[in-house]
S.K.: 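Here it is, the structure, as structure tokens.
Nothing fancy with the numbering, it's 1 onward along the sequence.
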Amino acid sequence: MSLRGKTVLVTGASGFIGGRLVEKLILEHGVRVRALVRNYLKAVNLGRFDLDLVCADITDPDAMLEAVEGCDVVIHCAYGSSGTPEEQRDATVLGTRNICKAALSAGVSRLVHLSTLSVYGDQTGASLDESGERQRTGDLYTDTKIDAEAIVVKAQLEDGLPAVVLQPTVVYGPFGGWWTQGQIGLLKGGQLVLPSGVDGVCNAVYVDDVADACIVAAEHPGAIGETFLVSGPGPVSWGAYYDAFESMLGAGSVVRMPPEEIRRLRSESKEPRTLFGWAF
């Protein structure tokens, strides 16, 4: 199924991945896009496109029924990224339930749900695949993404929703949040520590590749009912990942120290994340 000429609803369209997805759908695939956003002020980058911009609360089931009506495909990128923990949970979990119900009501031909590698918790390494057990960690983002993914899978199995689940890894690129702007901020502030002698594997994936994966998942006839991890063409080390940022910034600011020293300093600090950033 080609998306050309189809009407596609993109939730979270003003976000990092959603915004790039909208661009690709319009510029490269000739799609009529209906962009769902929570706040017009955050949708400035979408203003240059000829699209249907809808400002609505994803936790409002009636608003979601209206937003999905008339669409052929839904690509669900929205999740709770701000507000109280309860508000974030509602946006991710209740919002996903509302989108699934609206997609079923509208009879869409495909729903693509953007989940995350984080649902596997601490399971890492080359042997990890989509059959891995979902692990709750107590982290709000991870746990709510597990709940949202379960809602989509249940709707697919029990109600016949033609759904696909995508699980991106470490997504980076222009306008990127934690894994781009966040890491640059830590580097500029001298707050990022890596263990010396251990680079580890960084499953980085460029935002364009994630957007392309969303489009393939929406078009491919064999994708329905499947879950796909989405990573880059090959693994890189965390050292190489940060070397690229340092080269861009023109300064070396990654601090390397023995793992046992990192553990000692973090345990002694009252604010380890503020003082030492993220130690991998």
Side-chain angles (χ1 to χ4, degrees), residues 3 6-84 87-100 102-103 108 111-116 140-141 144-145 148 166 168 170-185 205-215 217-218 230:
L3 294 182
K6 303 288 187 182
T7 299
V8 176
L9 174 70
V10 177
T11 73
S14 60
F16 170 39
I17 297 173
R20 184 59 179 137
L21 174 60
V22 168
E23 290 181 326
K24 278 183 161 283
L25 286 170
I26 294 174
L27 297 177
E28 299 177 13
H29 295 271
V31 171
R32 296 190 298 268
V33 171
R34 184 174 298 170
L36 179 66
V37 301
R38 184 176 54 182
N39 189 326
Y40 282 129
L41 294 178
K42 295 184 178 180
V44 174
N45 285 345
L46 302 178
R48 66 190 190 279
F49 297 115
D50 180 15
L51 49 70
D52 183 9
L53 189 61
V54 177
C55 185
D57 187 343
I58 199 168
T59 63
D60 182 342
D62 292 332
M64 292 308 98
L65 286 170
E66 185 176 346
V68 177
E69 185 63 35
C71 292
D72 301 294
V73 171
V74 175
I75 304 180
H76 180 40
C77 302
Y79 71 96
S81 59
S82 62
T84 66
E87 290 170 336
Q88 292 181 55
R89 178 175 294 278
D90 284 348
T92 301
V93 180
L94 180 58
T96 298
R97 182 175 290 113
N98 289 341
I99 285 294
C100 286
V108 302
L111 182 143
V112 179
H113 171 69
L114 211 61
S115 185
T116 171
L140 181 64
Y141 174 74
T144 55
K145 279 292 192 177
L166 300 183
V170 174
V171 188
Y172 71 96
F175 307 104
W178 175 246
W179 290 116
T180 306
Q181 295 172 346
Q183 303 310 299
I184 290 172
V205 58
Y206 190 56
V207 63
D208 280 25
D209 293 333
V210 178
D212 287 340
C214 290
I215 294 166
V230 182

S.K.: Just verifying a value: how many Å separate E28 CD and I215 CD1, rounded to the nearest 0.5 Å?
M.R.: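 These two atoms lie 7.0 Å from each other.
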S.K.: Quick one: CG on L36 to CD1 on I58, what's the gap to the nearest 0.5 Å?
M.R.: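 Reported to 0.5 Å precision, the distance equals 6.0 Å.
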S.K.: Please check if the side chain of R32 supplies one atom and the backbone of V8 the other of a donor-acceptor pair under 3.5 Å.
M.R.: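 Side chain of R32 to backbone of V8, a donor-acceptor pair under 3.5 Å: no, none is there.
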S.K.: Please name the residue in the list V22, V73, V37 that meets the side chain to side chain contact (heavy atoms under 4.5 Å, CB included) test with V10.
M.R.: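 In the set V22, V73, V37, the residue that makes a side chain to side chain contact (heavy atoms under 4.5 Å, CB included) with V10 is V22.
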S.K.: Can you give me the closest heavy-atom contact between R38 and S81, atom names plus distance?
M.R.: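 For R38 and S81, the tightest heavy-atom pair comes out as NH2-OG, 4.4 Å.
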S.K.: Sequence neighbours left out, what pairs pass salt bridge (charged side-chain N to carboxylate O under 4.0 Å, His left out) with at least one residue falling in residues 58-76?
M.R.: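 Sorted result for residues 58-76: empty, none.
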S.K.: Hey, what do you get for CD1 (I99) to CG (L111), rounding to the nearest 0.5 Å?
M.R.: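 Between I99 CD1 and L111 CG, I get 7.5 Å after rounding to 0.5 Å.
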S.K.: Is the number of heavy atoms from other residues, nucleotides or ligands within 6.0 Å of CG (N39) greater than 12?
M.R.: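 Correct, the count exceeds 12.
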S.K.: Do you know the tightest heavy-atom contact between S115 and P168?
M.R.: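 Closest heavy-atom pair between S115 and P168: O-CD, 3.2 Å.
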S.K.: Measure across V205 and D209 and return the closest heavy-atom pair with its distance rounded to 0.1 Å.
M.R.: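 Shortest heavy-atom separation between V205 and D209 comes out as CG2-CB, 3.8 Å.
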S.K.: Looking at residues at least two apart in the chain, or sitting in another chain, which of them share a side chain to side chain donor-acceptor pair (under 3.5 Å) with T59?
M.R.: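 Listed in chain order: D57.
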S.K.: Any chance you could measure R20, atom CZ, to I17, atom CD1, to the nearest 0.5 Å?
M.R.: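 The CD1 atom of I17 is 12.5 Å from CZ of R20, to the nearest 0.5 Å.
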S.K.: Looking at every non-hydrogen atom in both residues, tell me the closest pair between G80 and A91 and how far apart they are.
M.R.: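 It is CA-CB, 3.6 Å.
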S.K.: What are the two closest heavy atoms between L65 and A102, and how far apart are they?
M.R.: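 L65 and A102 have their closest heavy atoms at CD2-CA, 3.7 Å.
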S.K.: So F175 and V207, do their side chains get closer than 4.5 Å, heavy atoms only?
M.R.: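 Side chain of V207 against side chain of F175, heavy atoms only: no contact under 4.5 Å found.
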S.K.: Before giving the answer on side chain to side chain contact (heavy atoms under 4.5 Å, CB included), spell out for F49 and V33 the whole-Å C-alpha distance, their side-chain angles and the decisive distance to 0.1 Å.
M.R.: CA-CA 9 Å; F49 297 115; V33 171; over 6 Å; no
S.K.: Donor-acceptor pair, distance only, cut-off 3.5 Å: does the side chain of T180 make one with the backbone of G173?
M.R.: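 At least one qualifying donor-acceptor pair exists.
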S.K.: If I take atom SG from residue C214 and atom CG from residue L114, how far apart are they, to the nearest 0.5 angstrom?
M.R.: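 C214 SG to L114 CG: 5.0 Å, rounded to 0.5 Å.
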S.K.: Measuring from C71:SG to R34:CZ, what's the distance to the nearest 0.5 Å?
M.R.: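 Interatomic distance, C71 SG to R34 CZ, rounded to 0.5 Å: 4.0 Å.
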S.K.: Can you check side chain to side chain contact (heavy atoms under 4.5 Å, CB included) on K24 and D208, steps first, answer last?
M.R.: CA-CA 8 Å; K24 278 183 161 283; D208 280 25; 3.7 Å; yes
S.K.: Just do the side chain to side chain contact (heavy atoms under 4.5 Å, CB included) check on F16 and V171 with the steps written out, would you?
M.R.: CA-CA 9 Å; F16 170 39; V171 188; 3.6 Å; yes
S.K.: Determine whether I75 and L9 make a side-chain contact, defined as any pair of heavy atoms from C-beta on separated by less than 4.5 Å.
M.R.: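 The answer is no; the side chains never approach within 4.5 Å.
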S.K.: For residues V112 and L166, determine if any side-chain heavy atom of one lies less than 4.5 Å from a side-chain heavy atom of the other.
M.R.: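 V112 vs L166: side chains touch.
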S.K.: Under the rule for side chain to side chain donor-acceptor pair (under 3.5 Å), what residues qualify as partners of T92, not counting sequence neighbours?
M.R.: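 Not a single residue meets the side chain to side chain donor-acceptor pair (under 3.5 Å) criterion with T92.
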S.K.: Sub-3.5 Å donor-acceptor pair from the side chain of T11 to the main-chain atoms of A78, do we have one?
M.R.: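 A pair under 3.5 Å: yes.
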S.K.: Check the orientation of Y206 and Y172. Use parallel for under 30°, tilted for 30 to 60°, and perpendicular for over 60°.
M.R.: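 Y206 and Y172: tilted rings.
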S.K.: Can you see which heavy atom on A35 is nearest to which on A13, and at what distance?
M.R.: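 The answer is CB-CB, 3.5 Å.
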S.K.: Would you please say whether a donor-acceptor pair under 3.5 Å links the side chains of T96 and H113?
M.R.: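 H113 and T96 do not have a side-chain donor-acceptor pair below 3.5 Å.
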S.K.: For the side chain of E87 and the backbone of S82, is there at least one donor-acceptor N/O pair under 3.5 Å apart?
M.R.: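 No, the answer is negative, given that no donor and acceptor are paired below the 3.5 Å cut-off.
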